[in-house]
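Notes for the one structure printed next.
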Amino acid sequence: MRFSPALAVVTAAMLAVPGSAVAGNVSSTSKRLVSANASVSSCGSLSGMTISWTVVDDVVTSIALGSIPTACNGSSLSLTLVNSSNTPVGSVSPVTVAGPSQTLTVTGNTSALAVATSYASVIGP
Amino acid sequence: MSRRSTVVAVVCCSCLAMATIGYAASFTLTTKKLGAASVATPIMFPDQIIVGNKAGGHLGKVENGDIITFVWSRQVDEPTLCSGWSNTSSTQNLALQWSLNIGTAPADDTLTVTGTSATCSGGLRIGSVDLGAAGYNTGTGPVDYKTTANALSVGATTTTLTVTLNGQSKGASLGTVSGGGAATWTPDSTVADRAGNNCGNNLAVTSSTTQF
């Protein structure tokens, strides 16, 4: 068989493209693509919220969240407690914001002394 | 052979194109509001309260020798707890009266410091303990524990106050409460750690529902 430079170039190109390695099992599911801009805004300053908690033998059982921006009403709010290594040590299941203060139930066996800070996220409405 | 190579190249280019199409993803924006932020958690807070029965005592009844243990999450600035105490000592001891106050149901009985001392001119600022039920004090006025021992121990990161009730009023009318509910410690907001943080609105609750 004679050496073919063109075949070699094409084959090399296929190997160089990672996607080509799976091309055999990928089907085309969409023939239409579109892009656009959509404005997404915050419902307020979440970092201004306040946290007080109730502990039972050092375990955080509930959190009273205050100063929730009123514009967040109707949103789904989640809270994660992390330790000094930024590793999650407890969380709150998403709740629907119904006012400026909210009592949240903490899941897990979270030591209050181990908590360094928390992260809140709000989605919607 | 050149013609054959051209055919292979066309086929392979088609494969690449198909692969690219296969990676097309759909993304639907269903919300117009998104937000995330870090929120400060309490630093200084009541971390534990344990209401214990003395060895051989009556469970559910407030007696001399029963012990209440309070733990703060930080090293307490001792003068905020008792004006005469200093941070130069990690232990303090003081005999001071506590009282078992009547709560008429549905209000719960409470436990507070009621004694005065020259050492603690503004009082011993523990706060109050809601015992979770009425019925511990079945009399008509407070039951005092005049010579209650208050022992403070400041550790490397936390502070513990051990209160041993003593000097119970003569003729005190006391009831036994079983499974009345957890006790809740509401700390005095004056007490601060050594960075000036106070306990805010944080609470500590006992794990047991039968006290003493």
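Throughout, protein chains are lettered first and strands after them, A, B, ... in sequence-line order, and every chain is numbered starting at 1. Quantities reported herein were computed from a predicted structural model and do not represent experimental measurements.
Surrounding CG of Asn83(A) are more than 12 heavy atoms belonging to other residues, nucleotides or ligands, all under 6.0 Å away.
Formation of a donor-acceptor pair under 3.5 Å by the Ser207(B) side chain with backbone atoms of Val56(A) is not found in this model.
Heavy-atom distances place no part of Thr184(B) under 4.5 Å from chain A, backbone and side chain included. For Ile49(B), the part lying near chain A is the backbone, with the side chain staying farther off; criterion is any non-hydrogen pair under 4.5 Å. Only the backbone of Ala116(A) comes within less than 4.5 Å of a heavy atom of chain B; no side-chain atom from C-beta onward does. Residue Ser75(A): no heavy atom, backbone or side chain, is found under 4.5 Å from chain B.
In terms of non-hydrogen atom pairs under 4.5 Å with chain A, the most contact-rich of Pro42(B), Ser38(B), Ala40(B) is Pro42(B). Per-residue counts of heavy-atom pairs under 4.5 Å with chain B were compared for Ala120(A), Ser121(A), Ser78(A); the largest is that of Ala120(A).
In this structure the side chain of Asp47(B) reaches within 4.5 angstrom of the side chain of Leu113(A), judged on heavy atoms. Within the 4.5 Å cutoff, the side chain of Leu81(A) has heavy atoms near those of the Thr41(B) side chain.
Annotation for Ala37(B) and Ser47(A): closest pair CB-N, 3.6 Å, computed over non-hydrogen atoms. Pairing each heavy atom of Val39(B) with each of Thr117(A), the nearest pair is O-OG1, 3.4 Å. Scanning both residues, Ser52(A) and Asn201(B), for their nearest heavy atoms gives OG-CB, 3.6 Å.
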